[in-house]
Amino acid sequence: MDHFAAELLTWYDRHHRELPWRVGPADKRSGERPDPYHVWLSEIMLQQTTVQAVKAYYEKFLARWPRVENLAAAATDEVMAAWAGLGYYARARNLKKCAETVAAEHGGKFPDTFDGLKALPGIGDYTAAAIAAIAFDRPEAVVDGNVERVVTRLFAIDTPLPAAKPVVRDRTASMTPEGRPGDFAQAMMDLGATICTPRRPTCALCPFRAECAALAKDDPERFPVKLPKAARPVRRGAAFVAETPDGRLLLRTRKASGLLGGMAEVPTTGWTSRSDGETDAEAAPFVARWAFRGEIVHVFTHFELRLSVWHTVASESRVDGGRWAPLTTLGEEALPSVMKKAISQAIPDAFKALRK
DNA sequence: CACCCGTGGAG
DNA sequence: TCTCCAAGGGT
């Protein structure tokens, strides 16, 4: 075995994280195997998302849909509602499609190879390799952001990302052992998450400290080298929170693709780079006495949104293209965070009754 | 390859 | 306050 792998696995046996979806080294020795459904579900949720944020969603999904067939049979709206707040909603749409495919075309069993997994919706290079290694003991090179950081530091690779990806992949492949490839992958990620961190890495505790080229150069934080990213533009718009006297809220469903695709929303204007908000009231979904309730700011990946929030209590509930949802069941709606923020701005108590 | 796609916590 | 960015994938 590659000496890096041997050193890392020894470190992992002693210092690995305990995670809800993980089968640790000790349990594996007792014969326990990772459930591919659990591995897949966790990997999809963990895409660009912190372990801390994922834990509660993972437990909720697993309790509600214990097997992939259950998820395949679920209503898409319920899956989107359960995913609400986690972000990157295309993941939820692909999660559902993938579950349906596995249930209908693979007899409820996930493919056990990289190629078979990668053919499924929502599974790319990283996730296919991770599931193949962790659930099926395939020695695939698992490269995520943690691994990129560890490897670029270990070998002082100063080519900027993403151009360095092929080199990082090759280096990772060379290190990956035939035995325990899943533990090796998780060990690399644990190392990146707990020791080889983006800032102020704890090199003194690193199993690679004697061999790390970046540490030898006395500047591990210089790696990985990344190109500067573009500034985040500002977009503006207005949101209209309409309430009936008996406590129902006007909601719509966004189109299935694109930003917040398939999620619920209150009616809004378009989100553009315009700076005037004077014609907002004219863009309202119906004529009423709209009261300005202030502005909210929400930061998306590639732009910042400033929404003027308007509120009205309308006795007339006939509106085209929407539904009046009871405030008491807002917790069951697929409302993304930005919409919860807008609703709370107009109706401060809207979600308080739902919190437990 | 470049761009789109959320959210919240850490420093 | 502000910047960074977390187990990336789709187009």
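Atoms considered below: every heavy atom in the structure, side chains included; atoms not considered: hydrogens, waters and symmetry mates. All figures in this text were calculated on a predicted structure; none of them were measured in a lab. Proteins come first, then strands; the chains are lettered A, B, ... in the order of their sequence lines, and each starts at number 1.
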> When you check the phosphate oxygens OP1 and OP2 of B:dC5, does a side-chain N or O of A:H302 lie under 4.0 Å from one of them?
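For B:dC5, OP1 or OP2 has a side-chain N or O of A:H302 closer than 4.0 Å.
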
> Want to settle it: does A:W21 or A:L120 sit nearer the 5' end of DNA chain C, counting the closest nucleotide to each?
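The residue whose closest nucleotide sits nearer the 5' end is A:W21.
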
> Ignoring backbone atoms, establish whether A:Q47 has a side-chain N or O less than 4.0 Å from OP1 or OP2 of C:dG8.
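For C:dG8, OP1/OP2 do not have a side-chain N/O of A:Q47 under 4.0 Å.
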
> Using a heavy-atom cut-off of 4.0 Å across all strands, would you classify A:T127 as base, sugar-phosphate, or nothing?
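If one applies the 4.0 Å heavy-atom cut-off, A:T127 turns out to touch the sugar-phosphate alone, with no base involved.
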
> What is the distance, rounded to the nearest whole Å, between atom CD of A:E304 and atom C1' of B:dG6?
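Distance check: A:E304 CD to B:dG6 C1' gives 14 Å.
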
> Atom CG of A:L86 and atom P of B:dG8: how far apart are they, to the nearest Å?
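Checked: the CG to P distance equals 10 Å.
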
> Rounded to the nearest angstrom, tell me the gap between atom NZ in A:K226 and atom C1' in C:dG8.
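A:K226 atom NZ is separated from C:dG8 atom C1' by 12 Å.
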
> For C:dT1 versus B:dG8, give the span between their C1' atoms, rounded off to a whole number of Å.
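Rounded to whole Å, the distance is 16 Å.
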
> With a non-hydrogen cut-off below 4.0 angstrom, is A:T49 in contact with a base, only sugar-phosphate, or nothing?
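Counting heavy atoms under 4.0 Å across all strands, the contact made by A:T49 includes a base.
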
> Could you give the CH2-to-P distance, from A:W40 to C:dG8, as a whole number of Å?
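Those two atoms, CH2 and P, are 17 Å apart.
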
> Could you check A:N146, A:L46, A:T194, A:V150 and say which one makes a side-chain contact (heavy atoms from CB on, under 4.5 Å) with A:M189?
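The side-chain contact (heavy atoms from CB on, under 4.5 Å) with A:M189 is passed solely by A:N146 among A:N146, A:L46, A:T194, A:V150.
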
> Which sits closer to the 5' end of DNA chain C, A:T50 or A:I123, going by the nucleotide each is nearest to?
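In this pair, the answer is A:T50.
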
> Checking only heavy atoms, does the side chain of A:R149 share a donor-acceptor pair with the base of C:dA6 at less than 3.5 Å?
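No such pair is found, so the answer is no.
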
> Might you confirm whether atom CG of A:D246 has over 12 heavy atoms from other residues, nucleotides or ligands at distances under 6.0 Å?
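Check passes, neighbour count above 12.
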
> CG of A:L227 versus P of B:dA2: gap in Å, rounded?
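Nearest whole value for this atom pair: 8 Å.
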
> So A:G85, base contact, sugar-phosphate only, or nothing? Heavy-atom distance under 4.0 Å.
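Sugar-phosphate contact only.
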
> Classify A:L260 by what it touches in the nucleic acid, base, sugar-phosphate, or nothing, heavy-atom distance under 4.0 Å.
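Sugar-phosphate only.
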
> Looking at the side chain of A:Y126, which of C:dG8, B:dT7, C:dG10 is the nearest nucleotide?
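Looking only at heavy atoms from C-beta outward on A:Y126, the closest nucleotide is C:dG8.
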
> Have a look at A:V142 and say if it touches a base, only the backbone sugar-phosphate, or nothing, with a 4.0 Å heavy-atom cut-off.
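Answer is nothing: A:V142 stays at 4.0 Å or more from every strand.
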
> Side chain of A:P198, heavy atoms from C-beta onward: which of C:dA6, C:dC4, B:dG6 has the nearest atom to it?
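For the A:P198 side chain, the nearest candidate turns out to be C:dA6.
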
> For A:Q48 and B:dC4, give me the distance from atom CD to atom C1', rounded to whole Å.
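For the pair A:Q48 CD and B:dC4 C1', the rounded distance is 13 Å.
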
> Heavy atoms only, 4.0 Å cut-off, all strands: where does A:R17 land among base, sugar-phosphate and nothing?
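Result for A:R17 = base.
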
> Students often mix this up, so state it plainly: with edges at 30° and 60°, are the rings of A:W310 and A:F240 parallel, tilted or perpendicular?
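Answer is parallel, since the angle falls under 30°.
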
> On a whole-Å scale, what distance lies between the P atoms belonging to B:dC1 and C:dG9?
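The same atom, P, in both gives a distance of 16 Å.
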
> Take A:R323 and A:T253, measure what side chain to side chain donor-acceptor pair (under 3.5 Å) needs, and give me the verdict at the end.
CA-CA 9 Å; A:R323 62 179 184 279; A:T253 299; 3.0 Å; yes

> Do A:T176 and A:E140 have side-chain N/O donor and acceptor atoms under 3.5 Å apart?
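No donor-acceptor contact under 3.5 Å links the two side chains.
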
> Please report, rounded to the nearest Å, how far the C1' atom of C:dT11 is from the CZ atom of A:R93.
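So the two atoms are 13 Å apart, to the nearest Å.
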
> Taking only Lys NZ, Arg NE, NH1 and NH2, and the carboxylate oxygens of Asp or Glu, determine whether A:D13 and A:R180 approach each other closer than 4.0 Å.
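Judged by the 4.0 Å cut-off on N to carboxylate O distance, A:D13 and A:R180 do form a salt bridge.
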
> If you check every side-chain atom of A:T301, which of B:dC5, C:dG10, C:dA7 has the closest atom?
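Ranking B:dC5, C:dG10, C:dA7 by closest atom to the A:T301 side chain puts B:dC5 first.
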
> If you measure from the C1' atom in B:dC5 to the same atom in C:dC5, how many Å do you get, rounded?
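Between the two C1' atoms, the distance is 15 Å.
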
> Could you tell me the separation between the CZ atom of A:R91 and the C1' atom of B:dG6, rounded to a whole number of Å?
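So the CZ-C1' distance, A:R91 to B:dG6, works out to 8 Å.
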
> Take the angle between the ring planes of A:H298 and A:F300 and call it parallel below 30°, perpendicular above 60°, tilted in between.
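Correct class here is perpendicular.
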
> Output the single nucleotide from C:dC5, C:dG9, B:dG6 whose closest atom is nearest the side chain of A:K229.
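Among the listed nucleotides, the one closest to the side chain of A:K229 is C:dC5.
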
> Can a side chain N or O of A:Y89 be found less than 4.0 Å away from OP1 or OP2 on B:dT7?
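Answer is yes, contact under 4.0 Å.
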
> Let me spell it out: for each of A:A53 and A:P162, pick the nucleotide of DNA chain B with the closest heavy atom. Which residue's pick is nearer the 5' end?
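Going by which nucleotide is closer to the 5' end, it is A:P162.
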
> Tell me what A:L19 touches on the nucleic acid: a base, only sugar-phosphate, or nothing, going by heavy atoms under 4.0 Å.
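Here A:L19 touches the bases of the nucleic acid.
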
> For B:dT7 and C:dT11, measure between their C1' atoms and round to the nearest Å.
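The answer is 23 Å between these two C1' atoms.
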
